[in-house]
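Take a look at the structure set out below.
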Amino acid sequence: MADSEPLDPFESLRLPSSQLAPIEPDVLSTDLDFDAPSAATDGSDGQQKILCGCAFQAFPEHYPKHLHRLDANSFCPLLEAATKADNPTIAAVNSPSTRLEDLNLISIDEIPIRCSKECRGRECPVYWMDAHKSIVGTYPISFLESTRCTLPYQIDDLFGGPGQECGEGVSEPYEIVEYPGKGKGLRAVRDIELGEIIVMERPLLIVCGVNKFNMSGPLGGAIDLLKPRAKKEYLELFNCWKGEKGKSEIEGILQTNGMRIDMESWGAKPEDGSFTGIFPVFSRMNNSCMPNCQFYFSQRSLSGVVRAVRPIKKGEELEVHYLGSYHSAKDRQALFQSAYKFTCTCPACDPPSTALPTPLIKDVAGPYYAMKKEQIAIALSTEDEPSEAPKRQTQSSSPPSSQTQTSSKSTSTSTSQSSSQPPPESSSGPSKKSLKALKSLDRTRLSLSTTAPPTPLLLTRSHALPSLLHFTLSSLSQTLSSGLSVPFGPRCYRDLAYMCGMLGFGEEMKRWGWLYLWTGIGEGNWRTNSSRRDGDDDNLNLNSMGGEERGEKKMSPDEERERWLGYLADPKRFRYWARFEMKGRKWREECGGVEPEFVAV
Ligand SMILES: C[S@@+](CC[C@H](N)C(=O)[O-])C[C@H]1O[C@@H](n2cnc3c(N)ncnc32)[C@H](O)[C@@H]1O
């Protein structure tokens with residue numbers, strides 16, 4: 001009704017139609033005819049919101065048309081931001097509702113990027129705009145278009161591995177080639193150092209709620225509106241679901257190549273569900289359960305990053321591990337088949353084994369991961385002594401969190417903590433103390449080192465299950481990269497929690513032969529599945545840790561959770577771990593006298 005129409009607070013920002021630049025036909029879909037708007041009820045006042053459910057790419061000269069087409073009010077903030085910018089290369093937007101107040105924008109952020117490769121030293125503002133918070137029952141999609149170059153971050157950000165020079169003539173250390181039986185993949189074109197960044201790229205598209213893949217409508221709208229190059233790249237990606245009934249090509253591509261990413265530092269809330277990014281180069285990487293690379297998403301630079309987790313020789317295939325947590329070989333094959341339609345033939349899987357580590361794994365992983373002290377990755381402080389013992393939370397409803405130590409020594413002293421320790425102030429992120437400790441870390445000590453510190457922060461047996469090592473490094477890098485500037489992400493917690501959970505079981509530890517020590521940063525930041533946004537309990541799924549194969553009674557998710565929390569709250573178990581952590585002799589005893597190789601992080 002006319003009198004309830006909201007006033008347009010951005011009237012003055014609108015460009016008169018005479019100033020509108022013509023729309024480039026190949027930049028935008030010809031008629032901006034998004035797939036039929038989906039309708040959703042917001043549930044509060046019974047009023048139906050019309051959600052376009054699609055993304056659009058906004059160039060300043062096109063805004064008015066989009067605004068007009070979608071809802072002028074909704075996009076004026078973007079317009080305002082973009083028109084102020086000198087060169088607004090991008091706008092990412094999704095699912096506008098019809099009213100500004102309903103839209104409930106959660107963020108408009110700008111990342112200045114300086115680079116001499118594509119934008120020749122100018123700063124290209126990147127705007128990220130997200131409207132998912134208020135959207136119920138639909139699938140917001142965001143995408144961003146900017147210079148692809150993330151080189152400045154490679155040098156400056158993250159955890160200081162060897163970076164590339166920013167400038168002309170920087171060549172990628174890989175090429176994309178065809179691998180028989182696997183399709184395309186990445187091959188190293190030169191030797192690559194441990195820790196080196198191999199790929200760092202922004203996603204073509206970020207999709208929220210991708211666990212529900214039935215989204216061809218909004219997805220189609222978004223893809224139509226990608227820049228031609230990005231659209232081509234998307235459509236050329238592999239679709240292992242081709243021909244699958246009820247699954248469109250674009251959905252199949254999303255499902256084949258989507259990588260779950262954390263977006264909370266961009267304002268995402270647990271209730272927003274999961275986010276998935278599609279990365280043009282990373283999408284070409286094949287799986288190995290003994291990967292030589294790891295992927296993680298750097299929220300700070302909004303980029304997917306692939307790093308070498310061991311030195312890689314020219315000509316080797318560059319591979320990552322697709323699965324997000326530990327699974328036995330049998331489970332892995334089942335998951336690869338169901339999610340990606342392939343059978344893994346990596347050295348950890350072929351010949352297939354039902355449990356890990358098999359002698360095969362041990363033999364093969366050993367050489368790969370026998371990272372000698374001199375070769376080892378990242379040296380953090382060895383000098384920091386704990387100022388006080390870490391506190392542990394004993395509430396059964398949530399794990400210990402938010403306390404930081406500064407050396408492994410502090411872990412051992414932590415056992416003296418009373419079990420009636422009050423819970424830390426917040427479970428949603430690192431405590432102030434943690435952050436302070438993090439920030440006080442000397443950045444230079446985060447750089448690669450050729451000398452292992454005497455007190456390692458991470459230990460692993462030489463034949464540690466590669467995928468676990470992979471996740472350990474992944475968590476570490478995520479934590480380091482995000483922890484210095486933005487809150488820790490749930491996936492980081494999850495992986496930490498998962499690994500620490502493993503430590504609760506001595507048998508498991510002996511069996512798997514690895515020990516995870518997370519001092520200085522991660523201690524106390526354990527989470528349970530309460531941090532998961534999609535209700536998927538895989539971080540607590542002890543069944544999938546081989547329990548079933550060993551004939552143990554299958555636990556219900558609740559039982560698993562209880563067991564898990566029991567571990568976290570049980571000082572004896574904690575002590576057991578702490579002893580392990582501190583005493584190499586004990587460690588060797590428990591590991592059957594095998595001298596471990598240490599990864600010191
Ligand atoms: C994200 S894509 C990887 C790139 C893909 N090979 C391509 O051609 O673009 C995932 C698909 O690659 C194939 N793939 C990945 N790892 C594989 C492996 N270890 N063995 C066989 N096929 C694999 C599967 O078909 C899977 O569905």
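For ligands, and for the atoms within them, numbers begin at 1 and follow the listed sequence.
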Inset, instruction - Check the angle between the aromatic planes of Tyr322 and Tyr340 and answer parallel, tilted or perpendicular using the 30° and 60° thresholds. - result: tilted
What are the polar N/O contacts of ligand 1 with the protein below 3.5 Å, with distances?
| residue | atom | partner | partner atom | Å |
| --- | --- | --- | --- | --- |
| ligand 1 | 6 (N) | Lys182 | O | 2.6 |
| ligand 1 | 6 (N) | Lys184 | O | 2.7 |
| ligand 1 | 6 (N) | Asn286 | OD1 | 2.8 |
| ligand 1 | 8 (O) | Lys184 | N | 2.7 |
| ligand 1 | 9 (O) | Arg284 | NH1 | 2.6 |
| ligand 1 | 12 (O) | Asn286 | OD1 | 3.3 |
| ligand 1 | 14 (N) | Asn286 | OD1 | 3.3 |
| ligand 1 | 16 (N) | Asn287 | N | 2.9 |
| ligand 1 | 19 (N) | Asn287 | O | 2.9 |
| ligand 1 | 27 (O) | Tyr340 | O | 2.7 |

Taking Lys314's backbone N and O only, do any of them form a donor-acceptor pair with Asp191's side chain (distance below 3.5 Å, no angle check)? yes
message: Whether the Asn239 and Glu249 side chains hold a donor-acceptor pair (N or O, under 3.5 Å, no angle test) is what I'd like checked.
response: yes
Whether Asn287 side chain and Cys344 backbone form a donor-acceptor pair below 3.5 Å
no
Ser338 (side chain) donor-acceptor with Leu335 (main chain) under 3.5 angstrom: yes
In this structure, OG of Ser288 is separated from CD of Glu317 (nearest 0.5 Å) by 8.5 Å
